[in-house]
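The structure appears right after this line, and notes come after that.
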2 protein chains.
Amino acid sequence: MDRAALFQKFVTFTTALHEVTHELTKDIKPDDITPVQYSILEYIAVSQPVTLSQISDCMHISMPNTSRELKKLTEKNLCEKFDVAEDRRKQLIRLSEAGQTMMDVAFQRIGGRFLERIKHVSAEELEDIERALDVLQTKVFQGE
Amino acid sequence: MDRAALFQKFVTFTTALHEVTHELTKDIKPDDITPVQYSILEYIAVSQPVTLSQISDCMHISMPNTSRELKKLTEKNLCEKFDVAEDRRKQLIRLSEAGQTMMDVAFQRIGGRFLERIKHVSAEELEDIERALDVLQTKVFQGE
DNA sequence: CCATTTGGTTATCAAATGATAAGTAATGGG
DNA sequence: CCCATTACTTATCATTTGATAACCAAATGG
């Protein structure tokens, strides 16, 4: 298989993962937050504490819009801002207790669906999967 | 590694792929179509000919909204509708010549970036990657 | 200590997207 | 032949998202 064919396979793969992700995460997001807000919360949950600039950079949302959405999230008591002693311009963002609980429940449910999906795979296959994830992570994703 | 830990790894993996995809596809979409329209064109390009219902189902866009966006795309001469002889309610959608050219160029550029990204991997590693994609495709994605 | 950069906010606007109701026309099953 | 269903359309509305300008305050670097 040449590299062009591998690209084709990669495209198919990406599409399939996208679909699986959609299956795993559908109906997870609470109704009272928007999709963008939910994805910001996901990012905070995984990377907290984070600054506004980090959110803006990583999620490709402009600073003004990040600021706006974050303000809404704090108003909903889902996350909190803390001042940074060393640099008083910066603010660190963390999930509030309610936000943490919400995201814990969400991840719990997604994880459950994932386990359900792989419940039939054997222990050896499980290792194959783990190796596969590592291979792609190291050889394709962290290119340079 | 237990299954819960594998889930963690899967989440990390998904995030990384998302970021890579963003890198590969940024600034590819022409300015005169919206993100949703572009993703519809991607889907048509890969699956043509398709019906409106298929687009609606696969992309998780309601029929009215699919109809609206497709109307805009045909008005921009990027795709065409054909009547189906057997069932006159249905319509098959294909890219127009201009649409095909546009998507060919887009895929060409994305493919180029992908090749650039894997240009340093050896022939053996290439096979590792291919095997990894197959493993995930069969053992995780097509779960039932 | 002044100019520039960084980190963030507020306000405002336009565009994109999502949701719903209501309708047409064709099909298909009793 | 009629009723329910399928496939799609049109219209309309609310919400979300993206983009821009203008601003403040703290830091940083000559």
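The sequence lines fix the lettering, A, B, ..., with proteins before strands; numbering per chain opens at 1.
Which of D:dA27, C:dG7, C:dT10 sits closest to the side chain of A:S67 comes down to C:dT10.
Note on B:Q54: nothing from the nucleic acid sits closer than 4.0 angstrom, heavy atoms only. Using a 4.0 Å heavy-atom criterion, one finds that A:T51 contacts the sugar-phosphate atoms exclusively.
The distance from atom CZ of B:R88 to atom P of D:dT9 is 15 Å, rounded to the nearest whole Å. Look at NZ on A:K90: it is 15 Å from C1' on D:dA25, rounded to the nearest Å. Whole-Å rounding puts the B:M59 CE to C:dG18 P distance at 10 Å. In this structure, B:D32 places its CG atom 11 Å from P of C:dA16, rounding to the nearest Å. Atom CG in A:D83 sits roughly 11 Å away from atom P in D:dA27 (whole-Å rounding). To the nearest angstrom, C1' of D:dT28 lies 10 Å from CG of A:D87. The NZ atom of B:K71 sits 8 Å away from the C1' atom of D:dT9 (whole-angstrom rounding). Rounding to whole angstrom units, CE of residue B:M63 and P of C:dT17 are separated by 18 Å.
A close approach under 4.0 Å does not occur between any side-chain nitrogen or oxygen of A:R89 and OP1 or OP2 of C:dT6.
B:K119 has a carboxylate O that lies under 4.0 Å from a charged side-chain N of B:E116, or vice versa, which qualifies the two as a salt bridge. Here A:K72 does not pair with A:E75 in a salt bridge; the nearest charged N to carboxylate O distance is not below 4.0 Å.
Listed by chain and number, the residues in a side-chain contact (heavy atoms from CB on, under 4.5 Å) with B:T12 are A:Q137 (sequence neighbours excluded).
Using modelled atom types, one side-chain atom of A:S47 and one backbone atom of A:Y43 make a donor-acceptor pair closer than 3.5 Å.
Side-chain contact, A:D104 with A:Q108: no donor N or O sits under 3.5 Å from an acceptor N or O. Looking at A:N65 and A:S62, their side chains do bring a donor and an acceptor atom within 3.5 Å of each other.
The aromatic rings of A:F13 and B:F141 sit tilted relative to each other, their planes meeting at an angle between 30° and 60°.
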Below 3.5 Å is the cut-off: list the nitrogen or oxygen pairs between protein and nucleotides 15-21 of chain D, distance only.
{"from": "D:dT17", "atom 1": "OP1", "to": "A:V36", "atom 2": "N", "distance (Å)": "3.1"}
{"from": "D:dT17", "atom 1": "OP2", "to": "A:T34", "atom 2": "OG1", "distance (Å)": "2.5"}
{"from": "D:dG18", "atom 1": "N7", "to": "A:R68", "atom 2": "NH2", "distance (Å)": "3.2"}
{"from": "D:dG18", "atom 1": "O6", "to": "A:R68", "atom 2": "NH1", "distance (Å)": "3.0"}
{"from": "D:dA19", "atom 1": "N7", "to": "A:N65", "atom 2": "OD1", "distance (Å)": "3.3"}
{"from": "D:dA19", "atom 1": "N7", "to": "A:N65", "atom 2": "ND2", "distance (Å)": "3.1"}
{"from": "D:dA19", "atom 1": "N6", "to": "A:N65", "atom 2": "OD1", "distance (Å)": "3.1"}

